[in-house]
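One structure is given here, and the rest of the page talks about it.
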Amino acid sequence: MKKITIAIDGFSSCGKSTMAKDLAREIGYIYIDSGAMYRAVTLYGIEHGIFQDDRIDTEKLKKQIADIHISFRLNPETGRPDTYLNGVNVENKIRTMEVSSRVSLIATLDFVRKAMVAQQQEMGKAKGIVMDGRDIGTTVFPDAELKIFVTATPEIRAQRRYDELKAKGEEARFDEILENVKQRDHIDQNREVSPLRKAEDALLLDNSHMSIPEQKEWLTQHFKQVVAD
Ligand SMILES: Nc1ncnc2c1ncn2[C@@H]1O[C@H](COP(=O)(O)OP(=O)(O)O)[C@@H](O)[C@H]1O
Ligand SMILES: Nc1ccn([C@@H]2O[C@H](COP(=O)(O)OP(=O)(O)O)[C@@H](O)[C@H]2O)c(=O)n1
C-alpha cells in the first residue's frame, strides 16, 4: 500500500496528538508531535536563563539553537514516543504550565521555526508519517495527501487539559488553563511566521462533542479513502 503524509493541525488541547498517535500506531506510521519540539526548546530556554520574566533573550537563544537536539524514542510502557532534549527524557517536564505559558512566544521566533521545520521535514522525507501541530499542512508538508484541521470550544479544550493534568496528579486550575489556551490560540493565529490557519485543502473537524473512539474512527475512514484513491 502506498505511504502518505498526514498533517493534523488545529487549536491547542483539542485532541490532535491523541488522534494522530492512535492512527499512527494502527497503520504503522511514524508519529511526530511537533508541539513537543517547541516545548523542548522552551524548556531549554528556561533551564539556560533565556527568560528574564516574560522577556526572551533572543540573541542568546539564537547562538545556542544549534546545540538544541530533540529526538523521540518509543516508551515501551505507554507504547507512545517520549520527547528527548539533548539525550534526556523531558516528556513530563515539557507538559507543565511553566512551559505552556511560554512556548507560544518561543514559537513566534523565525530562527526557532526554521530550525524545527528543517528537522520535521527531514523526519518526514520517507512519508509514512503522521505529524501534528499548527503549521504542518501549510508550511512543513504543504503537499501532504491528508490534512485535517481540528477545533473544539475553548472551554471543552481547557477541561480536557485540566482532566489530563489532574489524572497525572499535577496541580491544575481550570481558569488558568482556559486563559492559557485562549492566549496561545491568539499568539498562534497572529504571529508573522506561519500563523495557525486551516490549509485550504484541509478537512475541518470540530470534535467538541465527539468521543476519542469516534474521532479516531472518523480519521481512519478518511485515511482509508485517501490511500484507496
Ligand atoms: N474527543 C475527546 N474527548 C475527550 N477528551 C479528549 C478527546 N480527544 C482528546 N482528549 C483528551 O484531551 C486531552 C488533550 O488532548 P491532546 O491530544 O493532547 O490535544 P492536542 O494535541 O490537540 O493538544 C488529552 O488528555 C486527551 O486524552
Ligand atoms: N507546529 C507547531 C506546533 C506547536 N507550535 C507552538 O507550540 C505550542 C505547543 O504546542 P502543542 O501542540 O504542544 O500544544 P497543545 O495543544 O498540545 O497544548 C503551541 O501553542 C504553538 O505556539 C507551533 O507554533 N507550531
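Both counts, for ligands and for their atoms, begin at 1 and track the order of listing. Values reported hereafter were calculated over all heavy atoms of this structure, with side chains retained and with hydrogens, waters and symmetry mates removed. Positions are given from 1, in the same order as the sequence printed here.
With hydrogens left out, the protein atom closest to atom 8 (N) of ligand 1 is Gln215 NE2, 3.1 Å, a heavy atom. Among protein heavy atoms, the minimum distance from atom 26 (C) of ligand 1 is reached at Thr18 OG1, 3.5 Å. Looking from atom 12 (O) of ligand 1 to the surrounding protein, the closest heavy atom is Arg160 CB, 3.2 Å. What sits closest to atom 19 (O) of ligand 1 on the protein, heavy atoms only, is Gly15 N, 2.9 Å. With respect to atom 7 (C) of ligand 1, the closest heavy atom belonging to the protein is Ile212 CG1, 3.3 Å. At the top of the distance list for atom 18 (O) of ligand 1, counting protein heavy atoms only, stands Arg161 NH1, 3.3 Å. Looking from atom 21 (O) of ligand 1 to the surrounding protein, the closest heavy atom is Ser17 OG, 2.4 Å. For atom 24 (C) of ligand 1, the closest heavy atom belonging to the protein is Glu164 OE1, 3.0 Å.
Using a 4.0 Å cut-off between charged nitrogen and carboxylate oxygen, Glu164 and Arg161 count as a salt-bridge pair. A salt bridge links Glu47 with Lys93: the closest approach of a Lys/Arg side-chain nitrogen to an acidic carboxylate oxygen falls below 4.0 angstrom. Between Asp175 and Arg173, at least one side-chain nitrogen of the basic residue sits less than 4.0 Å from a carboxylate oxygen of the acidic one, meeting the salt-bridge criterion. For the pair Asp22 and Arg80, the salt-bridge criterion is met [side-chain N within less than 4.0 Å of a carboxylate O]. Contact check on Glu59 versus Lys63 returns no salt bridge, with no Lys/Arg side-chain nitrogen under 4.0 Å from an Asp/Glu carboxylate oxygen. Ion pairing of Arg157 with Asp163 is absent here, as no side-chain N (NZ or NE/NH1/NH2) approaches a carboxylate O to less than 4.0 Å. For the pair Glu91 and Arg95, the salt-bridge criterion is met [side-chain N within less than 4.0 Å of a carboxylate O].
Using a 4.0 Å cut-off between heavy atoms, Ala20 makes no contact with ligand 1 at all.
Qualifying ring pair (Phe, Tyr, Trp, His ring centres under 6.0 Å) partners for His186, counting only residues two or more places apart in sequence or in other chains: none. Remark: Lys198 engages no residue in a salt bridge (Lys or Arg N to Asp or Glu O under 4.0 Å) (not counting sequence neighbours).
For residues 122-137, the side chain to side chain donor-acceptor pair (under 3.5 Å) pairs, not counting sequence neighbours, are Ser17-Asp132, Tyr31-Asp132, Arg113-Asp135, Glu122-Lys125, Lys127-Glu145, Arg134-Asp188.
Contact residues for ligand 2 (protein heavy atom closer than 4.0 angstrom to any ligand atom): Ser12, Ser13, Lys16, Ser34, Gly35, Tyr38, Arg39, Val103, Ser104, Ala107, Arg113, Gly133, Arg134, Asp135, Ile136, Arg161, Arg184, Asp188, Arg191.
Polar contact check, Asn207 against ligand 1: no nitrogen or oxygen pair lies under 3.5 Å apart.
Under the 3.5 Å distance criterion, with hydrogens and angles disregarded, a donor-acceptor pair is assigned to the side chains of Glu217 and Gln221. The closest side-chain donor-acceptor pair between Arg160 and Asn207 falls under 3.5 angstrom.
When Arg95, Met210, Arg184, Lys21 are checked for heavy-atom proximity to atom 1 (N) of ligand 1, Met210 turns out nearest.
In summary, the atoms of ligand 1 found under 4.0 Å from a heavy atom of Asp132, numbered by their order in the structure, are 21 (O).
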